[in-house]
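What follows is a short report on a single structure.
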Amino acid sequence: MNKKIAILPGDGVGPDVIEQAQKVLDAIAERFGHQFDYHHADIGATAINKSGDPLPEYTLETCLNADAVLLGAVGHPSFDNNPKAKMRPEQGLLRLRKELGIYANIRPVKTSPNLLHYSALKAENVKGVDFVIYRELTGGIYFGGSSRSEDGQTATDICRYSTAEVERIARKAFEHAAQRRGKLTLVDKANVLETSRLWREVIQDLAMEYSHVAVNMLYIDNAATRILLTPQQFDIILTPNLFGDVLSHVASLITGSIGMLPSASLGDKTPLFEPIHGSFPYATDRGIANPIAAVLSAALLLEHFKLRKEAKAIRTAVTGLLRQGIATIELDPQMICDTSQIGDILAAYIADEDYQLRQDVVRAGASTII
Ligand code: IPM
Ligand code: MN
């Protein structure tokens, strides 16, 4: 298969983790006889610094002309610490999502036996977790418009949803639930918000069409604790933009850290794949960023093109790596394997399924690097 992939490394640890995802994709291309043509472009703070625009025209063009986009992260402290900044790196990503019409952001969370000790939670509480968050990505409070009063003392962000916007992502979520365990949980704040009551109406109507899917509804505050206490209860979670952002970050503690969860964003045009984490400024150029979320995002990309064996080869490599006790420092404080070495090991696993890594060799080798 021949695929054109737009690569947007972005800011902070973005370039570091994307480099590893590319190593993995190269290993897949080699082993399975595919050709991936990469087209690199800037986004976020990197793009602002080069061209004064967080989403330059050529970046958008590159994405629209590609079969898929693989993105690292956007965001930089120089903007975070300056609330008056006129332009922000995040605007590039938000505009790109809107332009690509990728309204469904899919964030799978699944634990593997033997890897439960990496969880930030108690191992017995995260056994057998397997759910998928469907986060609405191009509407709600992220896109309703913001304003300031004339005296600058009052700020407004508008949360708006139409039934059409809710229905299109809800259908995707229902269809996915029907292929899985047939359970869909809507997470909202319908006891307070009118938009949430609209979501409930749409979901209740659709529930009649998808009669094999059992629907329940939870308020976000309740869901935020249940996702940590009894995560096995969830199959498909459907939720508006902002709640989905927060809930998926919380959920990342189940598998270990924010560096573990990938995402796929699907909609009208080119699909986009990105780790759920941000640009993690502290870790930039320190070799401590976890590339697994980016690598697993590449697996979701391949799966989208029905390259299932290939996606599975990536996941097998990731579990193989972790099972051998190799992980980045936030999962294992004793670990001295850096981001790039992890990319190399994963690529080696993919090239040769029998590849066995002697941990003592890695530790000895790594210690000369750091
Ligand atoms: C995410 C990020 C983005 C979001 C930011 C960088 C705009 O946090 O993808 O989770 O809030 O959607
Ligand atoms: Mn986020």
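Counting convention: from 1, in listed order, for ligands and their atoms alike. None of these values were measured; they are calculated from a predicted model. For reference, positions follow the sequence shown, starting with 1.
- D245 is listed as a side-chain neighbour of Y142, based on a closest heavy-atom distance under 4.5 Å.
- Using a cutoff of 4.0 Å between basic side-chain nitrogens and carboxylate oxygens, R88 and E90 are scored as salt-bridged.
- Under a 4.0 angstrom heavy-atom cut-off, R107 registers as being in contact with ligand 1.
- Given atom 2 (C) of ligand 1, the protein heavy atom at minimum distance is D245 OD1, 4.3 Å.
- Within ligand 1, the atoms closer than 4.0 Å to a non-hydrogen atom of Y142 are 4 (C), 11 (O), 12 (O), numbered from 1 in the order shown.
- A cation-pi contact, defined as under 6.0 Å to the ring centre and within 45° of the axis, links K98 to F143.
- Here L137 has no heavy atoms under 4.0 Å from ligand 1, in either its backbone or its side chain.
- Residue contacts with ligand 1 include H249, since one or more of its heavy atoms lies under 4.0 Å from the ligand.
- Note on D245: its N/O/S atom closest to the Mn ion (ligand 2) is OD1.
- Two residues are said to be in side-chain contact when any heavy atoms from C-beta on lie closer than 4.5 Å; M260 and L331 meet this criterion.
- Remark: ligand 1 atoms within the under-4.0 Å shell around heavy atoms of R135 are 1 (C), 4 (C), 9 (O), 10 (O), 11 (O), 12 (O).
- Note on K189 versus D221: salt bridge recorded, some NZ/NE/NH1/NH2 to OD/OE distance being below 4.0 Å.
- Of all the heavy atoms of R97, the ones lying under 4.0 Å from any atom of ligand 1 belong exclusively to the side chain.
- Within a 6.0 Å sphere centred on CZ of R197, heavy atoms belonging to other residues, nucleotides or ligands number more than 12.
- Judged purely by atom type and a 3.5 angstrom limit, S211 has no side-chain atom pairing as donor or acceptor with the backbone of M208.
- Heavy atoms of Q91 come nearer than 4.0 angstrom to ligand 1 in no pair at all.
- Protein heavy atom in closest approach to atom 6 (C) of ligand 1: E90 CG, 3.9 Å.
- Within the listing of ligand 1, atoms 10 (O) sit less than 4.0 angstrom from a heavy atom of I276.
- Among the backbone and side-chain atoms of H249, an N, O or S atom lies under 2.8 Å from the Mn ion (ligand 2).
- Cation-pi geometry between K3 and F305 is satisfied (NZ or CZ under 6.0 Å from the ring centre, within 45° of the ring normal).
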